[in-house]
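Residue numbers begin at 1 in each chain, while the letters A, B, ... track the order of the sequences. For clarity, every value in this text was computed on a predicted model and none was experimentally measured.
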Amino acid sequence: MPELPEVEVVKQSLERKILNLRIKKIKINDGKLRYIVDKNELFNLVGKKFKKIERRSKYLIFHLEKHITMIAHLGMTGKFFFIDKKNKKFKTSFYYDLNLEKDKKHDRIIFIFQNDEKLIYNDIRKFGFVKFCRAVDYYKNRHIRDLGPEPLSKDWDQRYFKRYIFGRNRTIKSILMDQKFVSGLGNIYANEILFLSKIKPTRKVKKIKEFEIKKVINYTKKILKSSIKYGGSSIKDFSSDNGKKGIFQQYFKAYGREGKTCSNIDCNSIIKRTIISNRATFFCNKCQK
DNA sequence: AGGCATGTTACAGG
DNA sequence: ACCTGTAACATGCC
């Protein structure tokens, strides 16, 4: 689920749900996430309201009353569910639907609000985490501090790109996934961006031409915005009834398409798969140079 | 049974 | 110190 567009959709979704609800109670089902959840810090949120949510890269920054901030990362399988109480029956009102019976055991943290609505942090593989800090200090947090520019910001431009890759000996795909270079891209979008830019993922950055840098930047901005508009990508199967689901995965042109025909209409080549930086890498040998 | 999975980081080696 | 690539984390699915 979570690269930049997915996290942005989560942020927007939660912002419409949980702001100004007062936390009545918090339960921890399993506090052994990527880092052990600090219970004192977590329970300190009881009685407070969420006031604002920000996204930085793939991190969610929850600002509460009393200048308390919770930093959350979803890892690979982390999800936030909001549960409201309409029709006397709890239901998810979140873009990514949940088969409650099956997935309940992966609920890790449950925030219960005064009106009995709930916010649940659910995480199968437990690579996600929550940490706490003072609001003014969150950007000093060690996870946030060294992040590169946001790919949708003006700071991530041709000049920066050129300067960063100068003298480096890495593949273009590995650098796109490097959060210090640009923050928020992951394996799926790196594959898609390079397919659209017609650059082979294995190409070394020193061999990337100026006009190609421009393409990478432009396609990155384009595809991220487009994915956000479509509610992000939901890769795993999910049941859907009243919740909204991300549908951007149906527009993937390279990711997960090994053995299928290239998406470019004038090409009948087969999408290949290889490994870069321990991650599945998909490309068209003919279209991507 | 073994390989694979949307992420991050500790560590090893140059 | 810098740069790069690999393995590990935990769980489920095919």
Side-chain angles (χ1 to χ4, degrees), chain A residues 1-10 29-37 55-60 71-80 95-96 98-99 101-108 121-131 141-148 151 164-193 201-202 204-206 223-224 227-228 230-239 245-252 254-259 273-282:
Chain A
M1 183 177 66
E3 292 180 46
L4 185 152
E6 292 74 41
V7 178
E8 176 62 23
V9 171
V10 171
N29 283 343
D30 182 355
K32 203 184 146 296
L33 300 181
R34 171 158 189 185
Y35 306 107
I36 305 277
V37 178
R55 177 192 61 72
R56 173 76 171 97
S57 183
K58 304 167 193 171
Y59 297 85
L60 288 164
I71 301 173
H73 193 283
L74 304 174
M76 291 279 232
T77 53
K79 311 169 193 75
F80 277 102
Y95 88 102
Y96 187 97
L98 165 72
N99 178 340
E101 298 312 313
K102 189 169 142 213
D103 291 341
K104 212 183 250 170
K105 68 169 167 179
H106 301 301
D107 290 351
R108 309 296 177 189
Y121 180 68
N122 176 292
D123 192 343
I124 298 171
R125 289 166 72 184
K126 301 196 284 189
F127 288 173
F129 66 82
V130 292
K131 284 190 175 183
N141 176 276
R142 73 180 187 95
H143 301 281
I144 306 292
R145 174 176 74 188
D146 300 322
L147 292 171
Y164 193 95
I165 67 177
F166 183 79
R168 293 185 192 261
N169 180 32
R170 299 173 68 181
T171 63
I172 180 69
K173 179 161 181 264
S174 101
I175 215 159
L176 281 180
M177 290 193 295
D178 184 341
Q179 305 299 302
K180 286 200 279 299
F181 169 57
V182 61
S183 61
L185 303 181
N187 195 35
I188 292 178
Y189 292 95
N191 274 301
E192 293 300 303
I193 290 160
T202 47
K204 294 290 176 105
V205 287
K206 63 177 64 152
I223 198 170
L224 294 179
S227 181
I228 291 167
Y230 284 105
S233 319
S234 310
I235 287 187
K236 300 195 83 169
D237 288 341
F238 47 85
S239 61
K245 56 185 178 175
I247 56 163
F248 191 70
Q249 68 277 12
Q250 69 193 66
Y251 301 104
F252 289 169
Y255 182 83
R257 297 195 72 255
E258 182 188 18
R273 179 183 184 276
T274 185
I275 302 286
I276 294 177
S277 311
N278 280 326
R279 305 232 95 73
T281 301
F282 303 89

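- For A:N278, the side-chain hydrogen bond (donor to acceptor under 3.5 Å, both in side chains) test picks out no residue, with sequence neighbours left out.
- Residue contacts for A:K180: at a heavy-atom cut-off of 4.0 Å it reaches no nucleic acid atom on any strand shown.
- Under the rule for a side-chain hydrogen bond (donor to acceptor under 3.5 Å, both in side chains), the partners of A:Y121 that lie at least two apart in sequence or sit in another chain are A:D123.
- In this structure A:F127 satisfies the ring-ring contact (aromatic ring centres under 6.0 Å, His included) test with no other residue, sequence neighbours excluded.
- Judged as a side-chain hydrogen bond (donor to acceptor under 3.5 Å, both in side chains), and not counting sequence neighbours, the contacts of A:D30 are A:R108, A:K126.
- Take A:Q179 and apply the side-chain hydrogen bond (donor to acceptor under 3.5 Å, both in side chains) test, not counting sequence neighbours, and it matches A:S57.
- The salt bridge (Lys or Arg N to Asp or Glu O under 4.0 Å) test applied to A:R56 returns A:E150, not counting sequence neighbours.
- Legend: salt bridge (Lys or Arg N to Asp or Glu O under 4.0 Å) pairs involving residues 177-192 of chain A, not counting sequence neighbours, sorted by first then second residue: A:R170-A:D178.
- The side chain to side chain contact (heavy atoms under 4.5 Å, CB included) search around A:R142 returns A:Y35, A:K131, A:R145, not counting sequence neighbours.
- Stem regions for DNA chain B, each three or more consecutive Watson-Crick or G-U pairs with both distances under 3.5 Å and listed by first number, read B:2-5 with C:11-14, B:7-14 with C:2-9.
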B/S/- contact track for nucleotides 7-14 of chain B, protein heavy atom under 4.0 Å:
BBSS----

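- In this structure A:V182 satisfies the side chain to side chain contact (heavy atoms under 4.5 Å, CB included) test together with A:P151, A:W156, A:L185, sequence neighbours excluded.
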Using a cut-off of under 3.5 Å, enumerate the N/O to N/O pairs linking the protein to nucleotides 2-6 of chain C.
unit_1: C:dT4; atom_1: OP1; unit_2: A:N169; atom_2: N; d: 2.8
unit_1: C:dT4; atom_1: OP2; unit_2: A:R168; atom_2: NH1; d: 3.4

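- Counting heavy atoms from C-beta on, the side chains of A:H143 and A:I71 never come closer than 4.5 Å.
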